Amino acid sequence: VQLQASGGGLVQAGGSLRLSCVVDSGRTFSSYALAWFRQGPGKEREFVAANRRYGSNTYYLDSVKDRFTMSRDNAKNMVYLQMNSLKPEDTAVYYCAARPGAPILSAVRSPNSYDYWGQGTLVTVSS
């Protein structure tokens with residue numbers, strides 16, 4: 001399974017970006033758990049958002065909950081992260097991740113729960 005993320009760039013604080021990730025998983029895409037993580041300069045990889053399967057709830061990092069929206073398009077094997085009201089602290093390389101089947105709820109925020117990763121796309125938010 002291959003993932004390809006895109007959509008990063010430089011944006012001013014308060015601006016918006018939409019990240020996209022194509023997941024080459026074939027016709028089983030709807031059963032995949034999908035997630036976004038990020039890694040800022042000098043920081044560990046951090047959970048941002050996750051959806052355990054198509055039609056289920058989406059979970060967010062508290063600091064992005066009212067600003068970011070994760071969505072998935074099963075017809076196109078795509079997952080998106082709409083990011084609004086961006087802040088300088090959102091600056092990071094953003095990664096999409098996937099795994100076949102839903103992780104247990106307590107593990108949805110752990111990067112160890114995901115088997116496949118995209119290459120990352122850099123988001124830089126200037127103040």
Side-chain angles (χ1 to χ4, degrees):
V1 176
Q2 293 186 331
L3 287 75
Q4 180 76 33
S6 61
L10 174 63
V11 63
Q12 288 188 331
S16 298
L17 281 175
R18 188 176 83 151
L19 305 183
S20 301
C21 179
V22 59
V23 182
D24 181 17
S25 65
R27 291 182 288 180
T28 58
F29 179 79
S30 61
S31 66
Y32 270 65
L34 303 171
W36 288 96
F37 288 81
R38 67 186 181 186
Q39 188 165 14
K43 298 181 180 179
E44 294 186 353
R45 192 164 296 191
E46 176 182 52
F47 167 80
V48 176
N51 177 260
R52 295 173 70 219
R53 65 172 66 87
Y54 177 70
S56 68
N57 292 337
T58 300
Y59 303 91
Y60 294 95
L61 177 69
D62 283 347
S63 63
V64 309
K65 190 177 298 184
D66 297 324
R67 301 184 294 120
F68 292 9
T69 302
M70 178 180 176
S71 61
R72 57 193 294 170
D73 185 335
N74 286 337
K76 297 181 179 180
N77 281 27
M78 295 289 294
V79 56
Y80 305 99
L81 186 68
Q82 178 66 44
M83 306 185 294
N84 298 328
S85 302
L86 282 160
K87 304 176 180 180
E89 51 263 43
D90 295 319
T91 293
V93 177
Y94 283 73
Y95 298 90
C96 53
R99 62 164 279 157
I104 59 174
L105 191 54
S106 61
V108 72
R109 292 173 171 83
S110 171
N112 295 328
S113 296
Y114 299 89
D115 301 312
Y116 306 104
W117 292 81
Q119 84 289 2
T121 185
L122 176 62
V123 172
T124 303
V125 185
S126 63
S127 57

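Since the structure is predicted, the reported quantities are computational estimates derived from the model, not experimental observations.
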Assess whether atom CD of Gln82 is packed by more than 12 heavy atoms of other residues, nucleotides or ligands within 6.0 Å. yes
Is a donor from one side chain sitting under 3.5 angstrom from an acceptor on the other, for Ser30 and Asn74? no
Can you tell me how far apart CD (Gln4) and OG (Ser20) are? Round to the nearest 0.5 Å. 11.0 Å
Establish, yes or no, whether the cationic atom of Arg45 lies under 6.0 Å from the six-membered ring centre of Tyr95 and within 45° of the ring axis. yes
How close do Val1 and Tyr32 get, heavy atom to heavy atom, and via which atoms? CG2-OH, 3.3 Å
With a 3.5 Å cut-off and sequence neighbours excluded, list the donor-acceptor pairs that the side chains of residues 119-127 form with protein atoms.
unit_1, atom_1, unit_2, atom_2, d
Gln119, OE1, Ala5, N, 3.2
Gln119, NE2, Ala5, O, 2.8
Thr121, OG1, Gly8, N, 3.0

With rounding to the nearest 0.5 Å, note down the distance linking CD in Glu46 to CG in Leu61. 5.0 Å
Run the salt bridge (charged side-chain N to carboxylate O under 4.0 Å, His left out) check on Lys65 and Asp62 step by step: do they pass? CA-CA 5 Å; Lys65 190 177 298 184; Asp62 283 347; 3.1 Å; yes
Apply side chain to side chain contact (heavy atoms under 4.5 Å, CB included) to the pair Thr69 and Leu81, showing each step before the final yes or no. CA-CA 6 Å; Thr69 302; Leu81 186 68; over 6 Å; no
Are Met78 and Leu19 connected in a single hydrophobic cluster, I mean Ile/Leu/Val/Met/Phe/Trp/Tyr linked by side-chain heavy atoms less than 4.5 Å apart? no
Just wondering, do Leu86 and Leu17 contact through their side chains at under 4.5 Å, heavy atoms? yes
Establish whether Phe68 and Val11 are linked, either directly or via other cluster members, by ILVMFWY side-chain heavy-atom contacts under 4.5 Å. yes
Shared hydrophobic cluster, Val22 / Tyr80 (ILVMFWY, side-chain heavy atoms < 4.5 Å): yes
Measure from NZ or CZ of Arg38 to the centre of the six-membered ring of Tyr94 and say whether it is under 6.0 Å with the direction within 45° of the ring axis. no
Provide the closest heavy-atom pair for Lys43 versus Gln39 in the form atom of the first, atom of the second, distance. O-NE2, 3.0 Å
I need the minimum non-hydrogen distance between Leu34 and Ala98, along with the two atoms involved. CD2-CB, 3.7 Å
Cluster link Val23 to Tyr116, ILVMFWY, side chain under 4.5 Å: yes
Please tabulate, one pair per line, all N/O donor-acceptor pairs under 3.5 Å involving side-chain atoms of residues 100-113, not counting sequence neighbours.
unit_1, atom_1, unit_2, atom_2, d
Ser110, OG, Asn112, N, 3.1
Ser113, OG, Ala107, O, 2.7

Is it true that the side chains of Asn51 and Arg72 contain a donor and an acceptor less than 3.5 Å apart? yes
Distance-minimising heavy-atom pair for Arg67 and Ser85: NH1-O, 3.0 Å
Angle between ring planes, Phe47 versus Phe37, binned at 30° and 60°: parallel, tilted or perpendicular? perpendicular
Here the gap from Tyr54 atom OH to Ser31 atom OG, rounded to the nearest 0.5 Å, amounts to 13.0 Å
Is any side-chain heavy atom of Asn57 closer than 4.5 Å to a side-chain heavy atom of Arg52? no
Test side chain to side chain contact (heavy atoms under 4.5 Å, CB included) applied to Val64 and Val48, step by step: CA-CA 7 Å; Val64 309; Val48 176; 4.2 Å; yes
Side chains of Tyr114 and Arg99: any donor to acceptor distance under 3.5 Å? no
